[in-house]
2 protein chains.
Amino acid sequence: MDAAAADDRLDRAFMALADPVRRSIVARLSRGPATVTELAEPFDITTQAVSKHIQVLETAGLVTRSRDAQRRPVHLDAAALETLTEWIDRYRLIHEQRFRRLDALLASADGGDAAASAEQD
Amino acid sequence: MDAAAADDRLDRAFMALADPVRRSIVARLSRGPATVTELAEPFDITTQAVSKHIQVLETAGLVTRSRDAQRRPVHLDAAALETLTEWIDRYRLIHEQRFRRLDALLASADGGDAAASAEQD
DNA sequence: TAGTTGATCAAGCGATTGGTTGAATAATGG
DNA sequence: CCATTATTCAACCAATCGCTTGATCAACTA
């Protein structure tokens, strides 16, 4: 997978989670697979709309589907979720390490009141 | 903050990261604050467009801004990023624990070939 | 076989997105 | 004061989003 494809995958995955209905579906699926009608039940929207939401999650790689007679059970893919936390944590940790270095620098250079303003910038 | 407001916050935050330009801005900001023009430099779009991207990140609570003469330096808010990983990890872990329980159940109940199909569903 | 259930396809609609150009607002420096 | 620099506001545009209704497909069951 090249960089552009990985980018596109992140686009779709974050976009997929940027909707309360789809996040609710993910939450439900964390407790086990469910069919489209089951997933649609808590919401005041049509099953067609829920079907589309599931397609969005599937295209993003967050869920997969199997077959059971007429039903198409939806399964969560936890590995895809992990990819997202990895992306976020990567930059979160870089940011926090920068802070720690800055604090250490200011603490060793001079008095403590400079360290207080370090949190500001 | 009530549940609806928290929901809306998550909507905006995930949506904000669902764009490669904005993710690139977040990556840049993890190494320290930057002005709008600095952030716009790597991209083939206008500074107005970048300004809008930053407003999206700001509304999502992912960045804050200060003032330095005409400049409006943008700062990353790592705590907001942590909120996102917390949401994702919550359901990821529920999902994985469910798998572990299922594996243990099948392993104790009968032979190993049932455990092999447990990964399927 | 006919009817029912589960899910998708298709077309359409209002709202929103990411981008543009052009004008306006702030704050600095000569 | 005037010109420059940094940023935002405003209006617009094509594309996409979430959702609807209506029709279709697929598989079971009486």
Side-chain angles (χ1 to χ4, degrees), chain A residues 4 7-29 32-76 121, chain B residues 4 7-29 32-76 121:
Chain A
D7 236 46
D8 194 61
R9 190 123 190 171
L10 282 177
D11 285 7
R12 293 182 198 276
F14 279 122
M15 183 64 156
L17 294 183
D19 180 285
V21 171
R22 287 193 294 259
R23 279 200 306 280
S24 182
I25 289 174
V26 167
R28 164 64 187 81
L29 291 177
T35 65
V36 176
T37 352
E38 284 167 358
L39 290 171
E41 199 273 325
F43 303 106
D44 259 359
I45 56 177
T46 62
T47 55
Q48 287 95 317
V50 172
S51 184
K52 279 193 184 181
H53 278 304
I54 293 167
Q55 284 178 56
V56 170
L57 289 166
E58 190 179 24
T59 306
L62 294 175
V63 305
T64 57
R65 342 188 56 167
S66 54
R67 174 163 292 277
D68 165 34
Q70 310 103 319
R71 273 142 263 144
R72 305 292 309 279
V74 186
H75 311 250
L76 188 62
D121 192 21
Chain B
D7 236 46
D8 194 61
R9 191 124 189 170
L10 281 177
D11 285 7
R12 294 181 197 276
F14 279 122
M15 183 63 156
L17 295 182
D19 180 286
V21 171
R22 288 193 294 260
R23 279 200 308 279
S24 182
I25 289 174
V26 167
R28 164 65 186 81
L29 291 176
T35 67
V36 177
T37 355
E38 283 166 358
L39 290 170
E41 199 272 326
F43 303 107
D44 259 359
I45 56 177
T46 62
T47 55
Q48 287 97 316
V50 172
S51 184
K52 280 192 184 183
H53 278 304
I54 292 167
Q55 284 178 57
V56 170
L57 289 167
E58 190 180 23
T59 305
L62 294 176
V63 305
T64 56
R65 341 188 53 166
S66 52
R67 174 161 294 277
D68 166 32
Q70 310 103 318
R71 272 140 262 145
R72 306 291 311 277
V74 186
H75 311 250
L76 188 62
D121 192 23

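Each chain gets a letter, A, B and so on, in the order the sequences are listed, and its residues count up from 1.
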Can you identify which nucleotide, out of [options], has its nearest atom closest to the [X] side chain?
{"X": "A:K52", "options": "D:dA27, D:dT8, D:dC19", "result": "D:dC19"}
{"X": "A:M15", "options": "D:dC17, D:dC19, D:dT8", "result": "D:dC17"}
{"X": "A:I45", "options": "C:dT21, D:dC19, C:dG18", "result": "D:dC19"}
{"X": "B:A69", "options": "C:dT28, D:dG18, D:dC28", "result": "C:dT28"}
{"X": "A:V36", "options": "D:dA27, D:dT7, C:dT8", "result": "C:dT8"}
{"X": "A:R22", "options": "D:dT8, D:dA11, D:dG18", "result": "D:dG18"}

Looking only at side-chain N and O atoms, does [X] come under 4.0 Å of OP1 or OP2 in [N]?
{"X": "A:T46", "N": "D:dC19", "value": "no"}
{"X": "A:S51", "N": "C:dT8", "value": "yes"}
{"X": "B:H53", "N": "C:dG19", "value": "yes"}
{"X": "A:T35", "N": "C:dG6", "value": "no"}

Exercise. Would you mind telling me which of B:T64, B:V63, B:D19 makes a side-chain contact (heavy atoms from CB on, under 4.5 Å) with B:L57?
Key: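 Exactly one pass, corresponding to B:V63.
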Quiz item: Looking at CD of B:E58 and CD of B:Q55, how far apart are the two atoms once the value is rounded to the nearest 0.5 Å?
Solution: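 It is 7.0 Å, given to the nearest 0.5 Å.
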Practice problem: Using a 4.0 Å heavy-atom cut-off across all strands, classify B:Q48 as base, sugar-phosphate, or nothing. | Solution: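 It contacts base atoms.
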Using whole Å, what does the distance between atom [atom2] of nucleotide [N] and atom [atom1] of [X] come to?
{"X": "B:E58", "N": "D:dC9", "atom1": "CD", "atom2": "P", "value": "10 Å"}
{"X": "A:R72", "N": "C:dT8", "atom1": "CZ", "atom2": "C1'", "value": "9 Å"}
{"X": "B:E38", "N": "D:dT5", "atom1": "CD", "atom2": "P", "value": "16 Å"}
{"X": "B:D44", "N": "C:dG19", "atom1": "CG", "atom2": "C1'", "value": "13 Å"}
{"X": "B:I54", "N": "C:dT17", "atom1": "CD1", "atom2": "C1'", "value": "17 Å"}
{"X": "A:D11", "N": "D:dA15", "atom1": "CG", "atom2": "C1'", "value": "15 Å"}
{"X": "B:Q70", "N": "C:dG29", "atom1": "CD", "atom2": "P", "value": "7 Å"}
{"X": "A:R67", "N": "D:dC25", "atom1": "CZ", "atom2": "P", "value": "15 Å"}

Practice problem: Taking atom CZ of A:R9 as the centre, report whether more than 12 heavy atoms of other residues, nucleotides or ligands fall under 6.0 Å from it. | Solution: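 No.
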Quiz item: Does A:L29 reach the side chain of A:L39, with side-chain heavy atoms less than 4.5 Å apart?
Solution: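 In contact.
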Self-check item: Check: B:I54 and B:R72 side chains under 4.5 Å, non-hydrogen atoms
Solution: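 Result no, sub-4.5 Å side-chain heavy-atom pair not found.
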Quiz item: If each of B:R65 and A:T47 is mapped to the nucleotide of DNA chain D with the nearest heavy atom, which maps nearer the 5' terminus, i.e. the 5' end?
Solution: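 First, find each residue's nearest nucleotide; the 5'-ward one identifies B:R65.
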